[in-house]
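Here is the structure we will look at, set down as structure tokens.
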Amino acid sequence: MEPPRGLLLIADPSLAPTVLEQVAPTLARGGVSLQSGLDGAEAARQARRLVLFDGVLGPSHADLLSREPPALLLATRGPEQSLTEWEAVLLGAALRGGSLVPGEGTVVRQRLMRLRDVQHAAEAASMVVVEAGGSRNAASLAADVLHELAVNAMLDAPVDAQGQPKYAHRRAEVKEIDPEDACELALAVEGGRIYLEAVDRFGRLTSRPFVQALASYGKRVQVNASGGGAGLGLRRMIEHSDAIAVHVSQGRESRVLCAVDLGEARRRAALPKSLLFCME
């Protein structure tokens with residue numbers, strides 16, 4: 001399976017050719033074509049840079065994510081520092097657009113307009129983890145991640161006809177949003193992880209909040225109530241997840257997916273993570 005035309009990848013030039021040879025088959029199974037170079041300045045400018053790293057995110061990755069287009073930060077895991085096939089598949093989905101949730105298992109979808117329903121959805125995600133044999137800690141983390149995804153999609157994304165935020169600057173007051181502003185949640189369990197996705201119809205998300213979150217590593221994070229900023233919630237969302245994938249169709253929709261491992265591990269902030277931000 002080939003990615004759509006124009007979605008070409010340039011590998012990090014610091015990677016040895018032998019590393020590229022090893023990862024190319026895994027990426028190909030995920031539907032991603034890897035090229036070590038492109039002819040022409042325009043082609044090279046439009047290509048996405050793929051950065052393979054140990055998965056330990058930090059401030060140094062903020063600059064890579066702030067580039068245009070943002071670099072794709074793909075973790076290598078395990079004793080052999082190899083790519084996982086599930087992350088290669090996730091990368092392919094993020095590049096192509098459409099649902100980011102794996103389609104092998106049962107996918108549950110829900111539209112949300114009321115803030116009280118966010119808590120119910122978070123509790124449901126927690127129950128799904130437990131029923132799938134996941135740990136209580138994983139259940140708590142999944143609920144936290146889903147809550148953050150949903151609130152951001154409901155309150156930060158919507159704008160009026162003039163492009164002004166409708167709810168972001170009065171978060172504390174909003175109990176329900178307009179039906180046309182509803183967000184869609186989806187979740188599925190597969191391969192020892194729960195996948196949580198939030199979709200809004202505005203397509204305004206940029207890499208900036210993630211850049212700010214990465215830049216804040218090693219510093220104390222304050223909650224940002226000004227709307228659309230990177231605060232404690234986004235930082236927690238990144239730290240709880242094994243991978244985050246984003247696909248933004250500008251002016252149409254933003255999709256954000258987090259994959260949370262069902263295992264017992266409690267301190268997950270320093271564990272390997274992939275961060276894949278794609279925009280069209």
Side-chain angles (χ1 to χ4, degrees), residues 4 7 31 70 72 86-87 89-125 128 142-160 163 165-168 171 174 176-190 193-210 213 227-228 230 233-234 237-238 240-260 274-280:
L7 295 181
L72 300 162
W86 69 268
E87 281 169 297
V89 170
L90 185 58
L91 172 59
L95 287 169
R96 287 187 294 272
S99 177
L100 302 176
V101 181
E104 295 295 328
T106 301
V107 180
V108 179
R109 301 186 186 276
Q110 179 182 5
R111 291 180 78 250
L112 294 184
M113 292 181 295
R114 298 178 299 181
L115 267 295
R116 68 182 183 186
D117 292 336
V118 173
Q119 186 58 37
H120 296 157
E123 292 170 357
V128 167
D144 195 24
V145 168
L146 184 68
H147 191 280
E148 182 68 14
L149 284 170
V151 170
N152 288 346
M154 291 177 70
L155 300 184
D156 289 339
V159 292
D160 60 22
K166 296 179 68 173
Y167 314 107
R171 275 173 161 248
V174 178
E176 185 172 350
I177 63 175
D178 295 335
E180 64 268 23
D181 298 332
C183 73
E184 181 182 271
L185 296 182
L187 65 84
V189 174
E190 184 174 298
R193 286 166 294 278
I194 185 169
Y195 293 85
L196 307 163
E197 181 188 59
V199 185
D200 69 65
R201 67 170 187 85
F202 294 90
R204 299 175 53 246
L205 184 62
T206 70
S207 63
R208 183 181 177 187
F210 295 93
L234 179 59
M237 191 178 83
I238 295 173
H240 294 347
S241 303
D242 292 280
I244 296 176
V246 181
H247 184 94
V248 180
S249 298
Q250 294 185 68
R252 297 195 301 276
E253 71 170 26
S254 299
R255 291 180 178 268
V256 183
L257 176 137
C258 294
V260 179
S274 293
L275 210 171
L276 312 168
F277 192 101
C278 301
M279 181 178 288
E280 61 171 305

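In terms of heavy atoms, L205 sits closest to F210 at CD2-CE1, 4.2 Å. Minimum interatomic distance between L100 and A245 (heavy atoms only, all atoms of both residues): CD1-O, 3.6 Å. Nearest heavy-atom pair, A121 versus L146, reported as atom, atom and distance to 0.1 Å: O-CD2, 3.1 Å. For the residue pair P179 and R111, the shortest heavy atom distance occurs at O-NH2, 3.3 Å. Pairing each heavy atom of A153 with each of D200, the nearest pair is O-CB, 4.0 Å. The nearest pair of heavy atoms linking L234 to P209 is CD2-O, 3.3 Å.
Under the 4.5 Å side-chain criterion, counting only non-hydrogen atoms from C-beta, L72 is in contact with C278. The side-chain heavy atoms of F202 and S254, taken from C-beta on, include no pair separated by under 4.5 Å. Looking at S249 and R255, their side chains never come closer than 4.5 Å, going by heavy atoms from C-beta outward. At least one side-chain heavy atom of W86 sits less than 4.5 Å from a side-chain heavy atom of D242. Looking only at side-chain heavy atoms (C-beta outward), V89 and P102 stay at 4.5 Å or farther from each other. Within the 4.5 Å cutoff, the side chain of E197 has heavy atoms near those of the S99 side chain. Residues V145 and E148 have side chains not in contact (no heavy-atom distance under 4.5 Å, counting atoms from C-beta outward).
Atom CG of residue L112 and atom CE of residue M154 lie 5.5 Å apart, to the nearest 0.5 angstrom. The distance from atom CE of M113 to atom CZ of R116, rounded to the nearest 0.5 Å, is 10.5 Å. The SG atom of C183 lies 6.0 Å from the CD1 atom of I177; values are rounded to the nearest 0.5 Å.
A salt bridge links K166 and D181; the closest N-O separation between the charged side-chain nitrogens and carboxylate oxygens is under 4.0 Å.
There is a side-chain donor-acceptor pair under 3.5 Å between E280 and H247.
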Stepwise side-chain contact (heavy atoms from CB on, under 4.5 Å) test for F277 and I244: CA-CA 8 Å; F277 192 101; I244 296 176; over 6 Å; no
Verdict with supporting geometry, S274 and L90, side-chain contact (heavy atoms from CB on, under 4.5 Å): CA-CA 10 Å; S274 293; L90 185 58; over 6 Å; no
